[in-house]
Amino acid sequence: MGEYAEQVFEQVRRIPRGKVATYGQVARLIGRPRTARYVGYALRANPAPGADAAATPCHRVVFKDGSLCRGFAFGGPEVQREMLEAEGVPFLEDGRIDLAACAWDPAAPEDAPGLPTAPPPDFDWARELGE
DNA sequence: AATGTGACCCTCT
DNA sequence: GAGAGGGCCACAT
């Protein structure tokens, strides 16, 4: 596996239970902004997505608008949604994830005191993270 | 070797 | 506000 993919997995494994990250966010974290697309490619190489989900929870990586990847992944978006809901990730009425409520903030790791860290809905947190 | 193609995101019309 | 295009990694032909 390439170094790029390894860094992708490394970051994805840091996403805590009940939180989600976006492809673009992961790309920034590994020092490769604007390669969000290839993050998806790297995750595609994840062996046995379902079984490996505990070690590499790629189901916690979603689109920037809070929607899930269409087509193949975990056996379908519905399965992915069930996995996320089982972790307490809130979904909106339109079927998208409430990113404002469960977006992962790498700057506020688990060992930090439990903070709300819920930015306003119009807060472009992804952009802030990259700059 | 060159080309095409993806689990995407941003910028510019 | 929507549509088009570019970015730029890994891997299969």
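All chains are named by letter (A, B, ...) in the order of the sequence lines, taking the proteins before the strands, and each is independently numbered beginning at 1.
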Undergrad: Can you tell me how far CD of E82(A) sits from NE2 of H59(A), rounded to the nearest 0.5 angstrom?
TA: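 The distance works out to 12.0 Å.
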Undergrad: Could you tell me the separation between the OG1 atom of T22(A) and the CG atom of D65(A), rounded to the nearest 0.5 Å?
TA: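 Result: 10.0 Å between the selected atoms.
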Undergrad: Between C1' on dA7(B) and CG on L84(A), what's the gap in Å once rounded to a whole number?
TA: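 Atom-to-atom, L84(A) to dA7(B), this comes out as 13 Å.
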Undergrad: Which whole-number value in Å describes the distance from D65(A) CG to dA2(C) P?
TA: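 Rounding to the nearest Å, CG of D65(A) and P of dA2(C) are 13 Å apart.
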Undergrad: Tell me, please, which residues at least two apart from E93(A) pass side-chain hydrogen bond (donor to acceptor under 3.5 Å, both in side chains).
TA: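 Listed in chain order: nothing, the list is empty.
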Undergrad: Rounded to whole angstroms, how far apart are CG on L29(A) and P on dC9(B)?
TA: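 Distance check: L29(A) CG to dC9(B) P gives 13 Å.
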Undergrad: Suppose we screen for side-chain hydrogen bond (donor to acceptor under 3.5 Å, both in side chains). Which residues come up paired with Q7(A), at least two apart in sequence or across chains?
TA: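 Q7(A) satisfies side-chain hydrogen bond (donor to acceptor under 3.5 Å, both in side chains) with E3(A) once adjacent residues are dropped.
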Undergrad: How long is the gap from NZ on K19(A) to CG on L84(A), to the nearest 0.5 Å?
TA: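 Nearest 0.5 Å value for the NZ-CG distance: 13.0 Å.
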Undergrad: Quote, to the nearest angstrom, the C1' distance that separates dA7(B) from dT13(C).
TA: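 Going atom to atom, C1' in each nucleotide, I get 22 Å.
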Undergrad: Enter the distance from Y23(A):OH to R37(A):CZ here, rounded to the nearest 0.5 Å.
TA: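 Y23(A) OH to R37(A) CZ: 13.0 Å, rounded to 0.5 Å.
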Undergrad: Distance check, rounded to the nearest 0.5 Å: F63(A) atom CZ versus L99(A) atom CG?
TA: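 Going from the CZ atom of F63(A) to the CG atom of L99(A) covers 12.0 Å.
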Undergrad: Should the pair R81(A) and F91(A) be classed as cation-pi, given the thresholds of under 6.0 Å to the six-membered ring centre and 45° from the axis?
TA: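 Because its charged atom sits under 6.0 Å from the ring centre and within 45° of the axis, R81(A) does stack over F91(A).
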Undergrad: Heavy atoms under 4.0 Å, any strand shown: does Y23(A) hit a base, just sugar-phosphate, or nothing?
TA: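 The residue Y23(A) makes base contact.
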Undergrad: Can you tell me the distance, in whole Å, between the CG atom of L43(A) and the P atom of dA7(B)?
TA: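 So the two atoms are 12 Å apart, to the nearest Å.
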Undergrad: Taking the side chain as C-beta and beyond, is there a heavy-atom pair between I30(A) and V8(A) under 4.5 Å?
TA: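 SC-SC contact between I30(A) and V8(A) confirmed.
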Undergrad: For R70(A) and dC8(B), what is the distance between atoms CZ and C1' respectively, to the nearest whole Å?
TA: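 In whole Å, dC8(B) C1' lies 10 Å from R70(A) CZ.
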Undergrad: Give me the atom names and distance for the closest heavy-atom approach of V89(A) to C102(A).
TA: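 Closest approach of V89(A) to C102(A), heavy atoms only: CG1-SG, 3.6 Å.
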Undergrad: Check whether any side-chain nitrogen or oxygen of R28(A) sits under 4.0 Å from OP1 or OP2 of dC10(B), and answer yes or no.
TA: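 Answer is yes, contact under 4.0 Å.
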Undergrad: Please list, pair by pair, any protein nitrogen or oxygen found under 3.5 Å from a nitrogen or oxygen in nucleotides 5-7 of chain C.
TA:
from, atom 1, to, atom 2, distance (Å)
dG7(C), O6, R37(A), NH1, 2.9

Undergrad: Would you kindly give the CD-to-P distance between E3(A) and dC9(C), to the nearest whole Å?
TA: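 These atoms are roughly 12 Å apart.
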Undergrad: What residues, two or more places apart in sequence or in another chain, satisfy side-chain hydrogen bond (donor to acceptor under 3.5 Å, both in side chains) together with Y41(A)?
TA: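 Applying side-chain hydrogen bond (donor to acceptor under 3.5 Å, both in side chains) to Y41(A) gives none.
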Undergrad: Provide a list of protein-nucleic acid N or O atom pairs under 3.5 angstrom, restricted to nucleotides 11-13 of chain C.
TA:
from, atom 1, to, atom 2, distance (Å)
dC11(C), O4', Y41(A), OH, 2.6

Undergrad: Nearest-Å distance, CD (Q7(A)) to P (dC9(C))?
TA: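 Atom CD in Q7(A) sits about 12 Å away from atom P in dC9(C).
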Undergrad: What stems involve DNA chain B, if each pair must be Watson-Crick or G-U and both of its distances must be under 3.5 Å, with 3 or more such pairs in a row?
TA: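 Only these stems qualify: B:2-6 with C:9-13, B:8-13 with C:2-7.
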